Amino acid sequence: MSASIDSVAISRAFLTPERPLDRWHSHYARWKLAHDPLYPGVLPLLRDDPHPLLDLGCGIGLLAHVLRGAGATQPYKGVDFDATKIVRARAAAAHRHLHDVAFDTADLSLGVPAHRGSVSILDMLQYLPEPLQSNVVSGAIACLVPGARLVIRTGLEDSSTRSRITDVVDRIGHRIGWMRSAPQRYPRREVLTEMLESAGLEVAWQSHLGRNVYNNWLVSARRPD
Ligand SMILES: C[S@@+](CC[C@H](N)C(=O)[O-])C[C@H]1O[C@@H](n2cnc3c(N)ncnc32)[C@H](O)[C@@H]1O
């Protein structure tokens, strides 16, 4: 999907020689990197950003691989409440010797870990009920130093068929055990916009539909220097 994203090398890092039949994360990584416009969309926003990055709901840490593969050098820390994913994220990052990359378990419903720099929230807000979504977004805004950026990709709640399909697919992800929690509610654009703009951030929205069925949007919110 993107010349600078080596989906084959990244997916190989998720193979476990001691469990040769355990290929789920590797197949997932390869499929995701090949078909989802997420990382090609996020890369131009974060590749040249010098601020330490906190990746909220990082999953198996694909963003770290994509950033390092594109030459980005900012310190990266990913957090997720799924301890199994964090174990796989650490192993794959170590396998590829990713520099200055760390992962930790954290339940974001309890708050955003202390951080000063940029923040990414990719495809995770819908797993929190609305008041906790706002807590995570305001916690992320509080992390931003001048020049740093909050990058959010999310499905949005609206009346489109894509919105309904996004919900159904996320529920299937929960049923098959890929997601620990079921989606609660997708953010509404006006709520996110109000939070970001009232914090004085420079906000840019891009529709991020790609060749898929989701109602995804990419938001970049930068704190002015
Ligand atoms: C759809 S995945 C996205 C993973 C990654 N950001 C990406 O885009 O590839 C959503 C992630 O959010 C995590 N998550 C959901 N609720 C969470 C919570 N309360 N605290 C921390 N992580 C959470 C899930 O474990 C999952 O890894």
Side-chain angles (χ1 to χ4, degrees), residues 1-2 5 7 10-11 13-14 24-43 45-46 53-69 76-90 92-93 101 103-113 115 118-140 150-156 165-187 208 210 212-219:
M1 162 160 275
S2 164
I5 299 178
S7 60
I10 296 172
S11 65
F14 289 91
W24 163 251
H25 289 96
S26 177
H27 287 316
Y28 170 80
R30 186 140 178 200
W31 175 86
K32 177 101 176 161
L33 294 165
H35 296 290
D36 192 332
L38 174 61
Y39 300 107
V42 167
L43 204 43
L45 300 172
L46 291 175
L53 178 66
L54 178 65
D55 186 15
L56 299 177
C58 63
I60 56 175
L62 293 177
L63 178 59
H65 292 264
V66 168
L67 285 170
R68 290 295 178 268
Y76 168 99
K77 179 160 190 185
V79 297
D80 200 289
F81 75 165
D82 188 328
T84 306
K85 286 181 182 166
I86 291 298
V87 168
R88 299 305 288 262
R90 283 184 181 139
V101 166
F103 296 96
D104 216 343
T105 49
D107 184 348
L108 298 167
S109 67
L110 304 175
V112 170
H115 175 71
S118 290
V119 183
S120 53
I121 311 176
L122 307 180
D123 294 353
M124 81 75 56
L125 284 175
Q126 73 269 26
Y127 295 103
L128 297 170
E130 195 171 30
L132 293 179
Q133 287 177 13
S134 298
N135 288 353
V136 167
V137 173
S138 42
L150 169 59
V151 177
I152 300 174
R153 191 181 77 164
T154 185
L156 290 180
I165 294 174
T166 309
D167 184 50
V168 168
V169 174
D170 280 342
R171 282 179 195 287
I172 292 171
H174 172 56
R175 282 283 174 86
I176 64 173
W178 175 238
M179 288 300 145
R180 247 179 71 176
S181 40
Q184 308 280 318
R185 182 171 189 179
Y186 293 88
H208 211 232
N212 60 46
V213 292
Y214 304 109
N215 186 33
N216 281 332
W217 293 77
L218 188 61
V219 193

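Computed from a prediction, not measured in an experiment: that's the story for all the values here. Atoms within a ligand are numbered from 1 in the order they appear, just like the ligands themselves.
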Item to complete: Using a strict cut-off of less than 4.0 Å between a Lys/Arg side-chain nitrogen and an Asp/Glu carboxylate oxygen, indicate whether D82 and R88 qualify as a salt bridge.
Response: no
Worksheet item: Looking only at heavy atoms, which two atoms of V112 and A140 are closest? And how far apart?
Response: CG2-N, 4.1 Å
Discussion item. Can you check which of L125, D36, L108 brings a heavy atom nearest to atom 20 (N) of ligand 1?
Written reply: L108
Fill in: ligand 1-proximal atoms of K85, by part, heavy-atom distance under 4.0 Å
side chain
Fill in: Considering all heavy atoms, the nearest P187-G155 contact
CD-O, 3.4 Å
Practice prompt. Provide the closest heavy-atom pair for S7 versus L33 in the form atom of the first, atom of the second, distance.
Written response: CB-CB, 3.6 Å
Worksheet entry | Interfacing atoms of ligand 1 (cut-off 4.0 Å, heavy-atom, L128) | 19 (N)
Worksheet item: Can you list the ligand 1 atoms lying under 4.0 Å from a non-hydrogen atom of L122?
Response: 3 (C), 5 (C), 6 (N), 8 (O)
Discussion item. I need the atoms of ligand 1 closer than 4.0 Å to a non-hydrogen atom of D107, numbered in the order shown.
Written reply: 18 (C), 19 (N), 20 (N)
Worksheet item: S26: what forms a side chain to side chain contact (heavy atoms under 4.5 Å, CB included) with it, not counting sequence neighbours?
Response: S11, F14, L15
Worksheet item: Going by the order shown, which atoms of ligand 1 are within less than 4.0 Å of some heavy atom of S109?
Response: 19 (N)
Practice prompt. Determine, for D123 against R153, whether the closest basic-nitrogen to carboxylate-oxygen distance falls under 4.0 angstrom.
Written response: yes
Practice prompt. Within a distance under 4.0 Å of any heavy atom of Y39, pick out the atoms of ligand 1 and give their elements.
Written response: 7 (C), 8 (O), 9 (O)
Worksheet, complete the sentence: Quick look: L62 vs ligand 1, heavy-atom contacts under 4.0 Å, and the answer is neither
Worksheet item: Is it the side chain, the backbone, both or neither of F81 that has a heavy atom closer than 4.0 Å to ligand 1?
Response: both
Item to complete: Provide the number and element of each atom of ligand 1 under 4.0 Å from a heavy atom of L38.
Response: 8 (O)
Worksheet item: Given V79, D123, L33, which has its nearest heavy atom closest to atom 10 (C) of ligand 1?
Response: D123
Worksheet item: With a 4.5 Å heavy-atom cut-off, do V42 and S120 have their side chains touching?
Response: no
Worksheet item: Can you name the residues that form a salt bridge (Lys or Arg N to Asp or Glu O under 4.0 Å) with R68, not counting sequence neighbours?
Response: none
Item to complete: Report yes or no: does a heavy atom of S120 sit under 4.0 Å from some atom of ligand 1?
Response: no
Item to complete: Before accepting this row, confirm whether a basic side-chain N of the pair R90/D104 lies closer than 4.0 Å to the acidic partner's carboxylate O.
Response: yes
Discussion item. If you take the nearest heavy atom of each of D82, V42, D80, which one is closest to atom 11 (C) of ligand 1?
Written reply: D80
Worksheet item: Is the F103 to Y76 ring centre distance short of 6.0 Å?
Response: yes
Practice prompt. Nearest heavy atom to atom 6 (N) of ligand 1 wins, so pick from G59, A29, G57.
Written response: G57
Worksheet item: So, do T105 and D80 sit near enough that their side-chain heavy atoms are less than 4.5 Å apart?
Response: no
Item to complete: Using distance alone, decide if ligand 1 has a nitrogen or oxygen within less than 3.5 Å of any nitrogen or oxygen in M124.
Response: no
Item to complete: Output the list of atoms in ligand 1 that are nearer than 4.0 Å to some heavy atom of A106, sorted by atom number.
Response: 20 (N), 21 (C)
Discussion item. Measuring from non-hydrogen atoms of Y28 to any atom of ligand 1, is the shortest distance under 4.0 Å?
Written reply: no
Worksheet item: Which ligand 1 atoms, with their elements, are less than 4.0 angstrom from a heavy-atom of C58?
Response: 5 (C)
